[in-house]
Enquirer: 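I have a structure here, written as structure tokens, and I will follow up with some questions on it.
In this text the structure is predicted, and so the values were computed from the model without any measurement. If you read the sequence from its start, that first residue is 1, and numbering goes on from there.
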Amino acid sequence: MRRRDERGSAAIEAAIGVPAFALFVGLIIFGGRTANAHEALQSAAADAARSASIARDAHTAQTDARAAATASVTNQHIHCTQVDVTVDTSDFNKAPGIPGAVAVTVSCRLNLSDLAVPGVPGSKIFTSRMSSPIDTWRER
């Protein structure tokens with residue numbers, strides 16, 4: 001009985017296994033980045049809504065909300081290429097005694113092009129929306 005020669009089998013296994021492992025690691029990194037970005041945007045939207053709800057007027061609320069959202073995204077180091085903040089301050093027009101809220105939507109374009117994983121887009125837009133009540137009896 002003649003024994004088979006197994007020379008070169010490790011090279012073939014490496015040629016098949018290494019790219020599959022690299023793809024798997026890339027997908028794990030993609031999942032981590034997207035989860036981190038989603039959580040960071042929720043936090044930024046909550047910070048912005050809270051900042052806007054304690055302002056005395058609609059203009060100040062919009063300015064404070066944008067500043068809070070931008071600072072929160074920057075402090076969390078998620079490296080968005082574009083951050084958009086939309087603030088709904090229409091309830092500031094309500095008379096004192098009528099409940100109202102401020103709603104803030106924060107959008108972020110996350111750059112994913114450095115992953116080089118097949119099927120993963122170069123960038124993805126994440127959006128989060130939060131609201132915070134305005135003090136019902138405060139002068140507006």
Enquirer: Could you tell me whether the side chain of Thr105 reaches within less than 4.5 Å of the side chain of Val85, counting heavy atoms only?
Expert: no
Enquirer: At what distance, to the nearest 0.5 angstrom, does CG of Asp64 lie from CD1 of Ile54?
Expert: 7.5 Å
Enquirer: Please list, chain by chain and in numerical order, all residues satisfying side-chain contact (heavy atoms from CB on, under 4.5 Å) with Arg109, sequence neighbours excluded.
Expert: Thr81, Gln82, Ser123, Ile125
Enquirer: Please report the closest heavy-atom contact between Val102 and Ala52, naming both atoms and the distance.
Expert: CG1-CB, 3.5 Å
Enquirer: Any side-chain donor paired with an acceptor under 3.5 Å for Asn75 and Ser72?
Expert: no
Enquirer: Taking the side chain as C-beta and beyond, is there a heavy-atom pair between Thr86 and Val104 under 4.5 Å?
Expert: no
Enquirer: Do Ser128 and Gln42 get their side chains close enough for a donor-acceptor pair, meaning under 3.5 Å?
Expert: no
Enquirer: Tell me which pairs pass side-chain hydrogen bond (donor to acceptor under 3.5 Å, both in side chains) where either residue lies in residues 14-33, with sequence neighbours left out.
Expert: Arg33-Asp114
Enquirer: Please find the pair of heavy atoms, one from Ala69 and one from Ala48, that lie closest to each other, and give the distance.
Expert: CB-CB, 3.8 Å
Enquirer: Tell me if a side-chain donor or acceptor on Lys94 pairs with a main-chain N or O of Pro99 at a distance below 3.5 Å.
Expert: yes
Enquirer: Within the distance-only criterion (no hydrogens, no angle test), does the side chain of Thr60 pair as donor or acceptor with the backbone N or O of Arg56 below 3.5 angstrom?
Expert: no
Enquirer: Just so I know, are the side chains of Ile78 and Val73 near enough to count as touching, which here means a heavy-atom distance under 4.5 Å?
Expert: yes
Enquirer: Roughly how far, to the nearest 0.5 Å, is OG1 of Thr34 from NZ of Lys124?
Expert: 6.5 Å
Enquirer: Using modelled atom types and a 3.5 Å cut-off, is there a donor and acceptor pairing between side-chain atoms of Ser43 and backbone atoms of Glu39?
Expert: no
Enquirer: Evaluate the criterion side chain to side chain contact (heavy atoms under 4.5 Å, CB included) for residue pair Thr127 and Val106; output intermediate values, then yes/no.
Expert: CA-CA 6 Å; Thr127 302; Val106 180; over 6 Å; no
Enquirer: Between Thr70 and Ala67 (side chain of the first, backbone of the second, donor and acceptor by atom type, cut-off under 3.5 Å), is there such a pair?
Expert: no
Enquirer: Determine, for Arg50 against Asp47, whether the closest basic-nitrogen to carboxylate-oxygen distance falls under 4.0 angstrom.
Expert: no
Enquirer: Shortest non-hydrogen contact from Ala55 to Phe92?
Expert: O-CE2, 3.5 Å
Enquirer: Please round to the nearest 0.5 Å and tell me the distance separating atom CD1 of Ile29 and atom CG of Asn36.
Expert: 13.0 Å
Enquirer: Which atoms form the tightest heavy-atom contact between Pro19 and Ile16, and what is the distance?
Expert: CD-O, 3.7 Å
Enquirer: Same cluster or not: are Leu41 and Val87 linked, directly or through other Ile, Leu, Val, Met, Phe, Trp or Tyr residues, by side-chain heavy atoms under 4.5 angstrom apart?
Expert: yes
Enquirer: Mind listing the closest non-hydrogen atom pair of Ala103 and Arg129 along with its distance?
Expert: CB-NH2, 3.2 Å
